[in-house]
Amino acid sequence: MSSPAPVVRGQALSGHNRISTQALTSLARAAAAQALGVDAEDVRADWTDDDGLLALSLVSPISVPPLQSVVLDPARVEALGGSIWDRTVSAKASILATVSELSGSRLSRVDIRISGARISTGGRVR
(Lines give C-alpha, C1' and ligand atoms only; values in the text may rest on other atoms or scores of the structure.)
Protein backbone atom coordinates (compact mmCIF):
# COMPACT_ATOMS: atom_id res chain seq x y z
CA MET A 1 0.00 0.00 0.00
CA SER A 2 1.45 3.38 -0.92
CA SER A 3 0.85 6.62 0.87
CA PRO A 4 -0.17 9.76 -0.98
CA ALA A 5 2.56 12.22 -1.88
CA PRO A 6 2.85 15.14 0.56
CA VAL A 7 1.20 18.34 -0.60
CA VAL A 8 3.45 21.37 -0.80
CA ARG A 9 1.78 24.78 -0.48
CA GLY A 10 1.36 26.37 -3.91
CA GLN A 11 2.06 23.08 -5.72
CA ALA A 12 -0.18 22.42 -8.72
CA LEU A 13 -1.92 19.06 -8.54
CA SER A 14 -3.50 17.05 -11.29
CA GLY A 15 -7.23 17.27 -11.74
CA HIS A 16 -9.63 20.15 -11.62
CA ASN A 17 -11.93 22.02 -9.30
CA ARG A 18 -15.36 23.20 -10.21
CA ILE A 19 -17.69 25.55 -8.42
CA SER A 20 -21.31 24.89 -9.30
CA THR A 21 -23.43 27.66 -10.74
CA GLN A 22 -25.68 27.39 -7.69
CA ALA A 23 -22.75 27.95 -5.30
CA LEU A 24 -21.44 30.85 -7.38
CA THR A 25 -24.92 32.39 -7.47
CA SER A 26 -25.30 32.05 -3.70
CA LEU A 27 -21.93 33.73 -3.22
CA ALA A 28 -22.86 36.58 -5.55
CA ARG A 29 -26.21 37.10 -3.81
CA ALA A 30 -24.54 37.18 -0.38
CA ALA A 31 -21.87 39.64 -1.55
CA ALA A 32 -24.51 41.89 -3.12
CA ALA A 33 -26.74 41.71 -0.05
CA GLN A 34 -23.85 42.78 2.17
CA ALA A 35 -22.83 45.63 -0.14
CA LEU A 36 -26.39 46.92 -0.62
CA GLY A 37 -27.65 46.37 2.93
CA VAL A 38 -30.47 43.96 2.10
CA ASP A 39 -31.25 40.28 2.62
CA ALA A 40 -29.69 37.80 0.18
CA GLU A 41 -33.09 36.35 -0.67
CA ASP A 42 -34.06 39.78 -2.08
CA VAL A 43 -31.22 39.66 -4.63
CA ARG A 44 -31.47 38.02 -8.06
CA ALA A 45 -28.25 37.03 -9.80
CA ASP A 46 -27.72 35.88 -13.38
CA TRP A 47 -24.53 34.91 -15.19
CA THR A 48 -23.55 35.31 -18.83
CA ASP A 49 -20.43 34.54 -20.81
CA ASP A 50 -18.48 37.66 -21.75
CA ASP A 51 -15.73 36.51 -24.13
CA GLY A 52 -14.64 33.72 -21.81
CA LEU A 53 -15.12 35.66 -18.57
CA LEU A 54 -18.18 35.73 -16.36
CA ALA A 55 -20.48 38.74 -16.37
CA LEU A 56 -22.71 39.08 -13.31
CA SER A 57 -26.08 40.79 -13.53
CA LEU A 58 -27.86 41.64 -10.29
CA VAL A 59 -31.34 42.93 -9.52
CA SER A 60 -31.77 44.09 -5.95
CA PRO A 61 -33.33 46.65 -3.67
CA ILE A 62 -31.01 48.88 -1.66
CA SER A 63 -31.34 49.95 1.95
CA VAL A 64 -31.99 53.62 2.63
CA PRO A 65 -32.51 55.63 5.79
CA PRO A 66 -36.00 56.91 6.59
CA LEU A 67 -36.61 60.11 4.61
CA GLN A 68 -37.65 61.97 7.75
CA SER A 69 -34.19 61.36 9.24
CA VAL A 70 -32.57 62.75 6.09
CA VAL A 71 -34.79 65.85 6.21
CA LEU A 72 -33.73 66.43 9.82
CA ASP A 73 -30.04 65.75 9.08
CA PRO A 74 -29.07 66.02 5.37
CA ALA A 75 -25.45 65.12 6.21
CA ARG A 76 -26.68 61.62 7.01
CA VAL A 77 -26.69 60.76 3.30
CA GLU A 78 -22.93 61.25 3.02
CA ALA A 79 -22.34 59.54 6.35
CA LEU A 80 -24.09 56.44 5.01
CA GLY A 81 -21.98 56.26 1.84
CA GLY A 82 -23.56 58.86 -0.41
CA SER A 83 -26.45 58.79 -2.81
CA ILE A 84 -28.04 55.59 -4.08
CA TRP A 85 -26.05 56.06 -7.30
CA ASP A 86 -22.74 56.46 -5.41
CA ARG A 87 -23.44 53.47 -3.19
CA THR A 88 -24.35 51.32 -6.20
CA VAL A 89 -21.15 52.23 -8.05
CA SER A 90 -19.15 51.42 -4.92
CA ALA A 91 -21.06 48.15 -4.48
CA LYS A 92 -20.10 47.02 -8.01
CA ALA A 93 -16.39 47.12 -7.19
CA SER A 94 -16.91 45.48 -3.81
CA ILE A 95 -19.04 42.65 -5.23
CA LEU A 96 -16.61 42.00 -8.09
CA ALA A 97 -13.65 41.84 -5.69
CA THR A 98 -15.45 39.63 -3.16
CA VAL A 99 -16.80 37.12 -5.68
CA SER A 100 -13.49 36.95 -7.55
CA GLU A 101 -11.44 36.49 -4.39
CA LEU A 102 -13.66 33.89 -2.73
CA SER A 103 -14.46 31.84 -5.84
CA GLY A 104 -11.29 32.23 -7.88
CA SER A 105 -13.48 33.03 -10.89
CA ARG A 106 -12.59 35.82 -13.28
CA LEU A 107 -15.43 38.30 -13.70
CA SER A 108 -15.48 40.85 -16.49
CA ARG A 109 -18.09 43.08 -14.93
CA VAL A 110 -20.95 43.45 -12.48
CA ASP A 111 -24.17 45.12 -13.61
CA ILE A 112 -26.64 46.22 -10.94
CA ARG A 113 -30.25 47.24 -11.40
CA ILE A 114 -31.83 48.71 -8.28
CA SER A 115 -35.38 47.41 -8.03
CA GLY A 116 -36.56 49.26 -4.94
CA ALA A 117 -35.66 50.64 -1.55
CA ARG A 118 -35.74 49.01 1.88
CA ILE A 119 -36.07 51.44 4.78
CA SER A 120 -33.36 50.79 7.33
CA THR A 121 -34.30 52.15 10.74
CA GLY A 122 -31.03 50.97 12.30
CA GLY A 123 -28.09 53.24 12.94
CA ARG A 124 -26.08 52.54 9.81
CA VAL A 125 -27.18 51.38 6.39
CA ARG A 126 -25.12 48.25 5.68
Side-chain angles (χ1 to χ4, degrees):
M1 183 159 150
S2 64
S3 62
V7 177
V8 177
R9 186 176 174 95
Q11 176 185 11
L13 300 175
S14 298
H16 61 274
N17 295 322
R18 292 191 185 171
I19 300 173
S20 72
T21 304
Q22 182 179 358
L24 204 53
T25 299
S26 294
L27 173 60
R29 291 176 63 205
Q34 182 177 15
L36 299 171
V38 296
D39 294 327
E41 52 268 4
D42 292 336
V43 179
R44 284 187 316 207
D46 291 307
W47 299 95
T48 56
D49 182 312
D50 187 15
D51 289 329
L53 299 176
L54 290 172
L56 174 59
S57 178
L58 299 164
V59 179
S60 174
I62 191 169
S63 63
V64 296
L67 294 180
Q68 184 62 31
S69 70
V70 174
V71 168
L72 295 173
D73 182 11
R76 184 163 185 203
V77 172
E78 286 306 314
L80 295 174
S83 68
I84 290 173
W85 178 267
D86 292 339
R87 289 177 49 218
T88 303
V89 169
S90 176
K92 283 176 153 185
S94 171
I95 294 163
L96 189 140
T98 299
V99 173
S100 295
E101 182 179 343
L102 293 177
S103 71
S105 299
R106 293 185 56 204
L107 278 67
S108 61
R109 69 178 193 272
V110 174
D111 299 321
I112 301 175
R113 184 177 67 161
I114 299 298
S115 61
R118 297 283 188 268
I119 305 300
S120 174
T121 56
R124 174 153 168 75
V125 177
R126 289 183 253 170

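One is the number of the first residue; the rest follow in order along the sequence. Computed from a predicted model, the values in this text were never measured in an experiment.
Taking the side chain as every heavy atom from C-beta outward, Asp51 and Ser108 never approach each other to under 4.5 Å.
Taking CG of Asp39 as the reference point, atom CZ of Arg118 lies at 8.0 Å (rounded to 0.5 Å). Here the CG-CG distance, from Leu107 to Leu96, works out to 5.0 Å after rounding to the nearest 0.5 Å. Rounding to the nearest 0.5 Å gives a distance of 9.5 Å between CD of Gln34 and CD1 of Ile95.
Each of Asp111, Leu36, Val110 was compared with Leu58 under the side-chain contact (heavy atoms from CB on, under 4.5 Å) criterion, and only Val110 meets it.
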Throw together a table of side-chain donor-acceptor distances under 3.5 angstrom for residues 20-27, partners on residues two or more places apart or in other chains.
{"unit_1": "Ser20", "atom_1": "OG", "unit_2": "Ala23", "atom_2": "N", "d": "3.1"}
{"unit_1": "Thr25", "atom_1": "OG1", "unit_2": "Thr21", "atom_2": "O", "d": "2.8"}
{"unit_1": "Thr25", "atom_1": "OG1", "unit_2": "Trp47", "atom_2": "NE1", "d": "3.0"}
{"unit_1": "Ser26", "atom_1": "OG", "unit_2": "Gln22", "atom_2": "O", "d": "3.1"}

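By the side chain to side chain donor-acceptor pair (under 3.5 Å) test, Ser105 is found to be paired with Ser103, residues two or more places apart in sequence or in another chain being considered. Judged as a side chain to side chain donor-acceptor pair (under 3.5 Å), and not counting sequence neighbours, Asp46 has no contacts.
Between Arg29 and Ala40, the closest heavy-atom pair is NH2-O, 2.8 Å. Of all non-hydrogen atoms in Ile112 and Lys92, the two that sit nearest each other are CD1-CG, 3.6 Å. Summarising the geometry of Arg87 relative to Gly82, their closest heavy-atom pair is CD-O, 3.5 Å, with the distance given to 0.1 Å. Contact between Ser63 and Val38 at its shortest, heavy atoms only, is N-CG1, 3.8 Å.
Asp86 places no side-chain N or O within donor-acceptor distance of the main-chain N or O of Thr88, the cut-off being under 3.5 Å. The main-chain N or O of Val59 is never found under 3.5 Å from a side-chain atom of Arg113 such that the two would form a donor-acceptor pair. Checked by atom type and distance alone, the side chain of Arg106 never pairs as donor or acceptor with a backbone atom of Leu53 at under 3.5 Å.
Residue Leu67 places its CG atom among 12 or fewer non-hydrogen atoms of other residues, nucleotides or ligands, all under 6.0 Å distant.
Ile119 and Ile84 end up in the same hydrophobic cluster when Ile, Leu, Val, Met, Phe, Trp and Tyr side chains are linked at under 4.5 Å.
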